[in-house]
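Both counts, for ligands and for their atoms, begin at 1 and track the order of listing.
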Amino acid sequence: MASPPGSPPGALQRPMSAMIRPNRSSSRMSMSSRQGGSRASDDDSKTAVKVAIRVRPPLKTGDPGYELVPQRFQASRVEVTSEQQIAVDAPNGRKLFVFDRVFGEDTDQEGVFDYVQESVTSFVEGYNVSILAYGQSGAGKSFTMGTTGPEDQAKHEIKGIIPRSAAVLFEQLEGLSRAAGSGIRAPSRFSGLASAQSMHSKPSANKNWQLKATYVEVSSPFPWPPRIFLLTPPDLQRATPRSSHPAGHSRP
Ligand SMILES: Nc1ncnc2c1ncn2[C@@H]1O[C@H](COP(=O)(O)OP(=O)(O)OP(=O)(O)O)[C@@H](O)[C@H]1O
């Protein structure tokens with residue numbers, strides 16, 4: 001699911017993952033057997049990859065797009081049976097699926113972020129972190145990640161993972177600056193730079209941190225191969241190599 005980039009030149013060798021543990025079980029998600037049973041997922045609390053699913057509230061009569069939902073899917077067929085399991089009513093019986101975490105339709109944006117937040121802390125500690133949203137059209141990927149539009153990011157209750165992560169990131173980095181000398185270590189990606197700097201000048205407690213965000217959307221796999229859309233706003237795209245701009249890109 002995640003393929004971390006290498007460390008920047010000159011940086012210390014970084015650990016593979018903040019959350020890797022040896023001897024983990026091989027199963028992350030298991031479909032039920034014909035009898036409707038289910039194998040337990042990897043319930044180690046610290047693993048390299050975690051799969052969480054979010055069940056969105058079903059569209060109601062009158063909602064935009066409701067008439068496009070095939071009739072057999074207009075009533076909900078998913079039941080959240082625990083924090084790690086859902087049951088899906090399929091024509092050939094009830095199927096159970098197990099994940100690291102399941103969020104029901106009444107889980108709000110803050111509830112989802114509470115689960116993801118430890119990844120931001122791991123990032124500040126110097127680990128590579130990727131958070132991906134995957135699902136069919138209309139499943140709520142943009143809503144969950146917080147990339148629907150700038151107006152959504154102003155409202156706390158609908159703010160998604162990306163703006164929340166950015167806020168926590170800056171909070172934690174500012175905390176590091178304030179706590180300089182307190183024993184909290186700087187992210188390893190910067191610690192190489194910091195030690196090089198300290199050879200020439202006094203280290204400064206006031207650092208200016210900059211976050212560069214690039215949004216990429218991989219479109220549906222038909223026609224194959226999937227197309228990749230760069231969603232970064234046009235004024236920021238000037239800094240992006242031309243080769244990264246797919247022909248026909250049209251998302252804002
Ligand atoms: N958990 C949720 N609670 C309330 N509304 C939601 C939720 N998830 C999605 N929606 C709403 O459903 C609609 C579709 O969601 P969204 O655009 O995020 O889907 P998507 O998976 O990104 O679709 P696409 O792949 O077509 O871009 C939006 O209007 C969004 O606000």
Q: Check each heavy atom of Pro64 against ligand 1 and say whether those closer than 4.0 Å belong to the side chain, the backbone, both or neither.
A: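 Neither part.
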
Q: Is there a side-chain contact between His156 and Glu110 (heavy atoms, below 4.5 Å)?
A: yes

Q: Taking the side chain as every heavy atom from C-beta outward, state whether Phe103 and Glu83 have any atom pair closer than 4.5 Å.
A: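 Counting from C-beta outward, Phe103 and Glu83 never come under 4.5 Å.
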
Q: Taking Arg164 for its side chain and Lys159 for its backbone only, find out whether a donor-acceptor pair lies under 3.5 Å.
A: yes

Q: May I ask you to check if ligand 1 and Thr148 share an N or O to N or O distance below 3.5 Å?
A: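 For ligand 1, there is no N or O atom that lies under 3.5 Å from one belonging to Thr148.
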
Q: Which of the atoms in ligand 1, numbered in the order shown and given with their element, are less than 4.0 Å from a heavy-atom of Arg54?
A: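 Close to Arg54: 1 (N).
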
Q: Could you see which bit of Gln136 sits under 4.0 Å from ligand 1, with heavy atoms only: side chain, backbone, both or neither?
A: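 For Gln136, only backbone atoms sit under 4.0 Å from ligand 1.
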
Q: Check for a donor-acceptor pair, side chain of Asp63 on one end and backbone N or O of Tyr66 on the other, with a separation under 3.5 Å.
A: no

Q: Nearest non-hydrogen contact with atom 5 (N) of ligand 1 belongs to which option: Phe143, Phe103, Tyr134?
A: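 Of the listed residues, Phe143 has the closest heavy atom.
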
Q: Looking at Asp89 and Arg77, does any basic side-chain N land under 4.0 Å from a carboxylate oxygen?
A: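 Looking at Arg77 together with Asp89, the answer is no, because their closest N to O distance does not fall below 4.0 Å.
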
Q: Could you tell me which atoms of ligand 1, counted from 1 in the order shown, lie closer than 4.0 angstrom to a heavy atom of Pro57?
A: 1 (N), 2 (C), 3 (N)

Q: For the pair Arg54 and Glu105, find out whether any cationic side-chain nitrogen is under 4.0 Å from an anionic carboxylate oxygen.
A: no

Q: Under 3.5 Å, N or O to N or O, is Thr144 touching ligand 1 that way?
A: no

Q: Are any of the N/O atoms on Ala139, whether in the backbone or the side chain, positioned under 3.5 angstrom from an N/O atom of ligand 1?
A: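 By distance alone, the answer is yes.
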
Q: From atom 23 (O) of ligand 1, work out which of Gly138, Gly140, Gly146 has a heavy atom at the shortest distance.
A: Gly138

Q: Looking at every heavy atom in both Gln172 and Val124, which two are closest together, and how far apart are they?
A: OE1-CG2, 3.4 Å

